[in-house]
Amino acid sequence: MASDEVTVQIRGWFTGRLPEGWFTGAPQVTRDREEIAVVGALPEPPAGVEETERAALIDGLIGRFREETRERRIEIAKEAERRFRQKVSWGVTCGDETVMFTTLSVPVMTRLRQSERQVLDTLVAAGVARSRSDALAWCVRLVGRNTDTWLGELRDALQHVDRVRSAGPDLHS
């Protein structure tokens, strides 16, 4: 089964499994090799609320949701982890803020040339990061934030490749 088909299956399972009323619509489900991330939208704060109050209201709504759903989220995550053999992380979107409650931090090995290591060392020396590892994570987040459109197009292209591969002959039979 192609990767995007598995993601659709997982999204469907979570949409059917989550209690009604948790989110304003179907959750956004993304996955990679290690983790399934489930992010749902909470109701928008009322219009006309002053910006300072709005920010506090959003924080309160997110905090309340996190506390009130903790036990049930853990139960659903354990069930999903047995079923799909991947860890589950949770998050919510409210207003223009997205907060992840639980996420995996997975070590990734890489080889860097001296000039690339110097970039990381500069970030550490400037206090932007505590270590080369933190500096590299900072760089990845920065690139991700500034190239969302390009990365989205690349992900779409990869999904197309998966669909074409799955429509081809099965060479493993």
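The figures here come from the full heavy-atom set of this structure, side chains too, leaving out hydrogens, waters and symmetry mates.
- Comment: Arg70 engages Glu67 in a salt bridge, judged by a side-chain N to carboxylate O separation of less than 4.0 angstrom.
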Open item on the list: Assess the residue pair Val39 and Phe23 against the criterion (side-chain contact (heavy atoms from CB on, under 4.5 Å)); give the C-alpha distance rounded to whole Å, side-chain angles, the decisive distance to 0.1 Å, and a yes or no.
Closed with: CA-CA 9 Å; Val39 180; Phe23 305 127; over 6 Å; no
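- Counting non-hydrogen atoms of neighbouring residues, nucleotides and ligands closer than 6.0 angstrom, the CD atom of Glu34 exceeds 12 such neighbours.
- Residues Ser89 and Thr102 have side chains that never bring a donor and an acceptor to within less than 3.5 angstrom of each other.
- Residues Val99 and Leu57 do not share a hydrophobic cluster, defined by chaining ILVMFWY side chains whose heavy atoms lie under 4.5 Å apart.
- Nearest heavy-atom pair, Val29 versus Thr7, reported as atom, atom and distance to 0.1 Å: O-CG2, 3.9 Å.
- In this structure, the side chain of Arg54 does not engage the main chain of Val49 through any donor-acceptor pair within 3.5 Å.
- A donor-acceptor contact shorter than 3.5 Å links the side chain of Arg73 to the backbone of Arg66.
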Task: Test log, rule salt bridge (charged side-chain N to carboxylate O under 4.0 Å, His left out), inputs Glu81 and Lys78 - done: CA-CA 5 Å; Glu81 288 168 5; Lys78 285 181 181 177; over 6 Å; no
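- Listed here is the closest heavy atom pair of Trp22 and Leu42: O-CD2, 3.7 Å.
- Within 6.0 Å of CD in Glu71 there are 12 or fewer heavy atoms belonging to other residues, nucleotides or ligands.
- Ionic pairing of Glu116 and Arg113 is not present here: no N-O contact between side-chain nitrogen and carboxylate oxygen is shorter than 4.0 angstrom.
- With hydrogens and angles disregarded, a donor-acceptor distance shorter than 3.5 Å links the side chain of Ser131 to the backbone of Asp134.
- Among all heavy-atom pairs drawn from Leu61 and Pro43, the shortest one is CD1-O, 4.3 Å.
- The shortest non-hydrogen separation linking Ile58 to Cys94 is CG2-O, 3.7 Å.
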